[in-house]
Chemist: 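Following this message is one structure expressed as structure tokens.
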Amino acid sequence: MARVMAPEEFRETGPVAAARGLLGKVLVRTLRGRRTERVITEVEAYDGERDLACHASKGRTKRTEVMYRPGGVWYVYLCYGVHEMLNLVTGPADCPAAVLIRGVAGIAGPGRLTKALAIDRSLNAAAAHPDSGLHVEDHGVVVPRRRVRATPRIGVDYAGPVWAAKKWRFTFDPAKLPESKQRVRRVARGFSPRPGTQNAG
DNA sequence: TACTCGATCGGA
DNA sequence: CCGATCGAGTAA
């Protein structure tokens, strides 16, 4: 049921598909023996050098170097001199792209999220693996496509009308997941619900 | 080295 | 609406 996602899994798709796929997955922070887990509810995709909203549009620099690595590593940077932003690098090597984790269940806002989970730049370039203290798990939460809202990314007007208008921000409301109905539907199809499993898929 | 400007947030 | 706060990127 709770399956640890391997870094390699984030090398298979581009950032838009990866972003959609991360909705409903669980962000797991392990620090000093304390484990915190939150369902990912809000993400944004940043797609390569052509995407003028993506830091990689500046090319390969000290800061963007991590995005050129194979997916499955964290890209954490400081924004406005105040807030740490958490991204997951996606895609194969030399295709600089990432997914910004903007929100989790109960926490809206990328800055608040990193503060709450004690995430900072010391995790930059670390693997999304339990060893690093920050990884992703699949708890079988199913987010129906109709529940996903695609809207323009936040705070990227500087990227110009074309790239700022891309609807690459994806959100869903976990409260609207009718898990009981899904279970019923599943039972009707001949599956038996497992105790403690939320929307097993 | 000297600028400018943020993938934000909280408080007037 | 505005200030905080600092590092990346750019120009020089």
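Quick note on labels: first sequence line is chain A, next is B, and so on, each numbered from 1.
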Chemist: Supply the members, apart from Y68(A), of the Ile/Leu/Val/Met/Phe/Trp/Tyr cluster built from side-chain contacts under 4.5 Å; use none for a lone residue.
Modeler: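 Answer for Y68(A): none, a lone residue.
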Chemist: Nearest to the side chain of Y80(A) - dG6(B), dC9(B), dA7(B)?
Modeler: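 Looking only at heavy atoms from C-beta outward on Y80(A), the closest nucleotide is dG6(B).
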Chemist: Using the criterion of both pairing distances under 3.5 Å for Watson-Crick and G-U wobble pairs, give all stems of 3 or more consecutive pairs involving DNA chain C.
Modeler: B:1-6 with C:6-11, B:8-11 with C:1-4
Chemist: Sequence neighbours left out, cut at 3.5 Å: what donor-acceptor pairs do the side chains of residues 85-95 of chain A make with other protein atoms?
Modeler:
residue: N87(A); atom: ND2; partner: Y75(A); partner atom: O; Å: 3.2
residue: D94(A); atom: OD1; partner: R60(A); partner atom: NH2; Å: 2.7

Chemist: Below 4.0 angstrom, which residues in residues 104-127 of chain A have at least one non-hydrogen atom near DNA chain B?
Modeler: G109(A), P110(A), G111(A), R112(A)
Chemist: Identify, residue by residue, the members of residues 48-70 of chain A with a heavy atom below 4.0 Å from DNA chain B, and return them in order of residue number, or none.
Modeler: A53(A), H55(A)
Chemist: Could you check how far OH of Y75(A) sits from C1' of dG7(C), rounded to whole Å?
Modeler: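 Spelled out: OH on Y75(A) to C1' on dG7(C) is 11 Å.
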Chemist: Tell me whether the side-chain N/O atoms of R169(A) come closer than 4.0 Å to OP1 or OP2 in dA7(B).
Modeler: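 No, because none of the side-chain N or O atoms of R169(A) sits under 4.0 Å from OP1 or OP2 of dA7(B).
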Chemist: Could you please name the option among dT5(C), dT8(B), dG6(B) that lies closest to any side-chain atom of Y158(A)?
Modeler: dG6(B)
Chemist: For the residue pair K25(A) and E137(A), establish whether any side-chain heavy-atom pair is separated by less than 4.5 Å.
Modeler: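 Of all side-chain heavy-atom pairs linking E137(A) with K25(A), none is under 4.5 Å.
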Chemist: Using whole Å, what does the distance between atom C1' of nucleotide dG7(C) and atom NE2 of H83(A) come to?
Modeler: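 Taking atom C1' of dG7(C) as the reference, NE2 of H83(A) is at 15 Å.
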Chemist: Calculate, to the nearest 0.5 Å, the distance between atoms CD and NE2 belonging to E37(A) and H135(A) respectively.
Modeler: 8.5 Å
Chemist: Is there a side-chain contact between P174(A) and T41(A), using heavy atoms and a 4.5 Å cut-off?
Modeler: yes
Chemist: L78(A) has an atom CG; how far is it from atom P of dC5(B), in whole Å?
Modeler: 18 Å
Chemist: What's the closest nucleotide to the Y77(A) side chain, out of dA4(C), dC6(C), dA7(B)?
Modeler: dA7(B)
Chemist: Looking across every strand, which nucleic acid part, if any, lies under 4.0 Å from V156(A) by heavy atom: base, sugar-phosphate, or nothing?
Modeler: sugar-phosphate
Chemist: Any side-chain heavy-atom pair from H55(A) and Y77(A) closer than 4.5 angstrom?
Modeler: yes
Chemist: Please confirm whether the backbone N or O of E42(A) pairs with a side-chain atom of R169(A), one donor and one acceptor, at under 3.5 Å?
Modeler: no
Chemist: Mind checking who shares a hydrophobic cluster with L31(A), ILVMFWY linked at side-chain heavy-atom distances under 4.5 Å?
Modeler: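 When side chains under 4.5 Å apart are linked, L31(A) ends up in no cluster with other residues.
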Chemist: Pick the P atom in dA12(B) and in dT5(C), then give their distance to the nearest Å.
Modeler: 15 Å
Chemist: Rounding to an integer number of angstrom, what distance separates dA7(B) and dT10(C) when you compare their P atoms?
Modeler: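 That atom pair is separated by 13 Å.
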